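Remember, predicted model here, so these are calculated numbers, not experimental data. Below, each value reflects all heavy atoms present in this structure, side chains not excepted, and no hydrogens, waters or symmetry copies.
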Amino acid sequence: MKTQGIIQHIIFLLVSAIMVLPSGCGVPNNSKLLSIESIMEEHPDSALCLLDSINPLPLSETAESSLYHLLISQAKYKNYIPIPSDSAISLAVKHFGSFPVDRPRLMRSLYYRSLIRRQLNANNAETDAFKASGLAREINDPLWVARTSDLIAEIYYENYQWDEALPYIDTAIVNYQKAGKRLNHLYALAQKSAILSENHNYNESIQIIDSIANVCGNTYPDSLLMAYCLKISIPTLLYINDILTADENLTKLADYTHLTVLSAKDLSYYAELAIMEGDLLTARKWIEEASSLAKNEEDKENILLIQAHYEEAIGNYKTGFEILHKLLENYISNTNSMRVNSPLKTERDYYGEEASIAKKKVNQMIIIIIGTIIFMIIGITIGIIIHRLKTRLKNSEIINSLNEIHSLREKIKQYEGIINNQNNQLEGYQADSSYHHRFRLLSLLGDHYFQNPDTTKSSQSAINRFAGNEVEYLKHQKTLKSIEDLVNLYDDNLMSKFRAQIHERHENNYQLAIWVFAGLSIRTISLIFNINLQSVSNKISRLRKRIENSNAIDKHLFLEKLKAKQYFLKDLQNIDNNKDTSAHNTDNLTAD
């Protein structure tokens, strides 16, 4: 660390000396700014010191003023200094975007304006990110392609649109490696692990985190990266019910609290871990801290869900039910606003704007062509008198121009098709999110009813009667048929393929597959079949063996879907079989 500090001081003195010499000769400040720009990436702290030695330039649309405000905004952001307004960086965007366009500086200006606007919760931050990404691809700069793609992936991740975030984070990973940015490459891999976890690819997510942790601890030690990996591993471990490892990682994370910033989403996961361990005081503390940091409706929904778990844990079942009911109402009411404010809509609007610009150019060209045609007709009319051969040549030019018009119109139709396709993708995402959310809530109700059985109707609580009714509703054949239709609709005809390729003697084996593929918990399934948990486990194990021994074309797909649900079976390790048997009177039932 001392050596690095000495090197920075030497660089600062050398650049200062270079700047002082020309200033005595009357050389304008632009040469100083170019010197500062050359060291900004590697030594932003030294660049900021040098910028502070220059008298602030006025907000004017000159090359020198625009470059100064770009550099000062960039240096402050890199040195974690709050920037109260985007007016200075907006001036740089306006200047560098004028004709002729300075693409590299315009790209950097848009990138940092996006970051500043996100800090200020201002509008159009996402649009700036997409424009910067487009410019980075145009100038073919791997580092800036990686940075802008990383930023867009983060925007999608924060807005719970993980499918859209994956291609951008993959682009960032590849281009960081091309640019030789080893540490940024590892951070991007860690971010991909978090996205995969949210997409339920838990095994791949854990593998990435483990490989990064090995690098951090051996060949490339970095405390901040280790803290980041620990933070994003905890939700994944909770998803797969590895409570012990999650608790160990949370304890390790306490040693890095000065290096990482926890979000409302992070704290809600820690609260859930505390509830599962029975530490209700700590859980309450995490819930309160998460509530104070909630930034959007998705954060509030996560906190409400954890609050419902907490109320159930302390015995306030009525309050827990009311919170779940409120969560359902909020989810329905916020669906349309999520569609309107989605980054996917911003991306579609950006490409729509590009298509509109192209359409205007086409219209201008059409006007020019039409004017040219009129002029040509007049010329041809006069030319007929002069020479018939010239008339024929002019006619051929008209035909070529009309062919060009037709070609341009076809391109416009292609742009319209792209925009319509993106509209359909957004609607599909909203429907898919509702599908998964529905079965998560059904599992919560079933688990509550399983853990709190009432012996008589007179002693049943309001939430238990509601949960019991929901469980009875799930047993109906019409309900089962509608759930099977949903699984086929949102999971690529999964059950239709399963019925066609796996031949079962009993219909209840197909029913078991439907509930498992839909995502219901093992406890809820045990209530639907009226058998104990061990019997459900045995049924699923036998179903898996039959799939393994079959010649089904989609065997690996079925096994992967079953594997994704295995975390439900972890509950068996902590359940008293005697209590379970007495509560449900299922000793005389068999698995099939």
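Among Leu474, Thr524, Ile522, the single residue meeting the side-chain contact (heavy atoms from CB on, under 4.5 Å) criterion with Trp515 is Leu474.
In this structure, Ile212 and Cys229 approach most closely via the heavy-atom pair CG2-SG, 3.3 Å. Between His503 and Tyr510, the shortest heavy-atom contact is CA-OH, 3.6 Å. Of all the heavy atoms in Ser496 and Asn488, the pair that sits closest is N-OD1, 2.9 Å. Heavy-atom minimum distance, Tyr111 versus Arg147: CE1-O, 3.8 Å. Minimum interatomic distance between Ala153 and Ile169 (heavy atoms only, all atoms of both residues): CB-N, 3.8 Å. Ile116 approaches Ser85 most closely through the heavy-atom pair CG2-O, 4.2 Å.
Here the OG1 atom belonging to Thr148 is positioned 12.5 Å from the CG atom belonging to Asp128, to the nearest 0.5 angstrom. Note that the CD atom of Gln119 and the OH atom of Tyr77 stand 5.0 Å from one another [nearest 0.5 Å]. To the nearest 0.5 angstrom, Ser211 atom OG is 11.0 Å from Ile206 atom CD1. Atoms CD and CD1, on Glu507 and Ile514 in that order, are 7.0 Å from each other to the nearest 0.5 Å. Between atom CD1 of residue Ile525 and atom OG of residue Ser535 there is a gap of 13.0 Å, rounded to the nearest 0.5 Å. Interatomic distance, Ile540 CD1 to Asn509 CG, rounded to the nearest 0.5 Å: 11.5 Å.
Looking only at distances, no side-chain donor or acceptor of Lys76 sits under 3.5 Å from a matching main-chain atom of Pro82. With Asp150 contributing its side chain and Ala146 its backbone, the two residues share no donor-acceptor pair below 3.5 Å. Using modelled atom types, no side-chain atom of Ser537 and backbone atom of Leu533 make a donor-acceptor pair closer than 3.5 Å. Checking side-chain atoms of Asn508 against main-chain N and O of Gln511 turns up no donor-acceptor pair under 3.5 Å. For Ser526 (side chain) and Arg523 (main-chain N/O), a donor-acceptor pair under 3.5 Å exists by modelled atom type. Checked by atom type and distance alone, the side chain of Ser550 pairs as donor or acceptor with a backbone atom of Ile547 at under 3.5 Å. Judged by distance alone, the side chain of Ser205 and the main-chain N or O of Asn201 form no donor-acceptor pair under 3.5 Å. Although no hydrogens or angles enter the test, the distance criterion places no donor-acceptor pair under 3.5 Å between the side chain of Glu126 and the main chain of Ile155. The main-chain N or O of Leu237 is never found under 3.5 Å from a side-chain atom of Asp242 such that the two would form a donor-acceptor pair. In this structure a side-chain-to-backbone donor-acceptor pair under 3.5 Å is present from Ser114 to Ala125.
Remark: His476 NE2 is packed, more than 12 non-hydrogen atoms of other residues, nucleotides or ligands lying under 6.0 Å away.
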Worked check of side chain to side chain contact (heavy atoms under 4.5 Å, CB included) between Asp554 and Leu494
CA-CA 9 Å; Asp554 296 311; Leu494 180 62; over 6 Å; no
For Trp162 and Tyr156: C-alpha separation, side-chain torsions, deciding distance, then whether side chain to side chain contact (heavy atoms under 4.5 Å, CB included) applies.
CA-CA 6 Å; Trp162 303 298; Tyr156 276 126; over 6 Å; no
With side chain to side chain donor-acceptor pair (under 3.5 Å) as the test, would you mind laying out the steps for Tyr202 and His200 before giving the verdict?
CA-CA 5 Å; Tyr202 307 118; His200 308 297; 2.6 Å; yes
Please evaluate residues Arg113 and Asn124 with respect to the criterion side chain to side chain contact (heavy atoms under 4.5 Å, CB included), reporting the C-alpha separation (whole Å), side-chain torsions for both, the decisive distance (0.1 Å), and the verdict.
CA-CA 9 Å; Arg113 188 169 73 171; Asn124 299 324; over 6 Å; no
Give the C-alpha distance, both sets of side-chain angles, the deciding distance and a yes or no for side chain to side chain donor-acceptor pair (under 3.5 Å) between Gln207 and Asn203.
CA-CA 6 Å; Gln207 288 173 1; Asn203 291 334; over 6 Å; no
Test side chain to side chain donor-acceptor pair (under 3.5 Å) on Ser197 and Thr236; report intermediate values, then the result.
CA-CA 6 Å; Ser197 177; Thr236 306; 2.6 Å; yes
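For His556 and Phe558, the gap between ring centers reaches or exceeds 6.0 Å. For Phe517 and Phe498, the distance between ring centers is under 6.0 angstrom.
Ion pairing of Asp86 with Arg117 is present here, as a side-chain N (NZ or NE/NH1/NH2) and a carboxylate O approach within less than 4.0 Å.
Inter-residue side-chain proximity for Ile528 and Leu520 is flagged as met; some heavy-atom pair is nearer than 4.5 Å.
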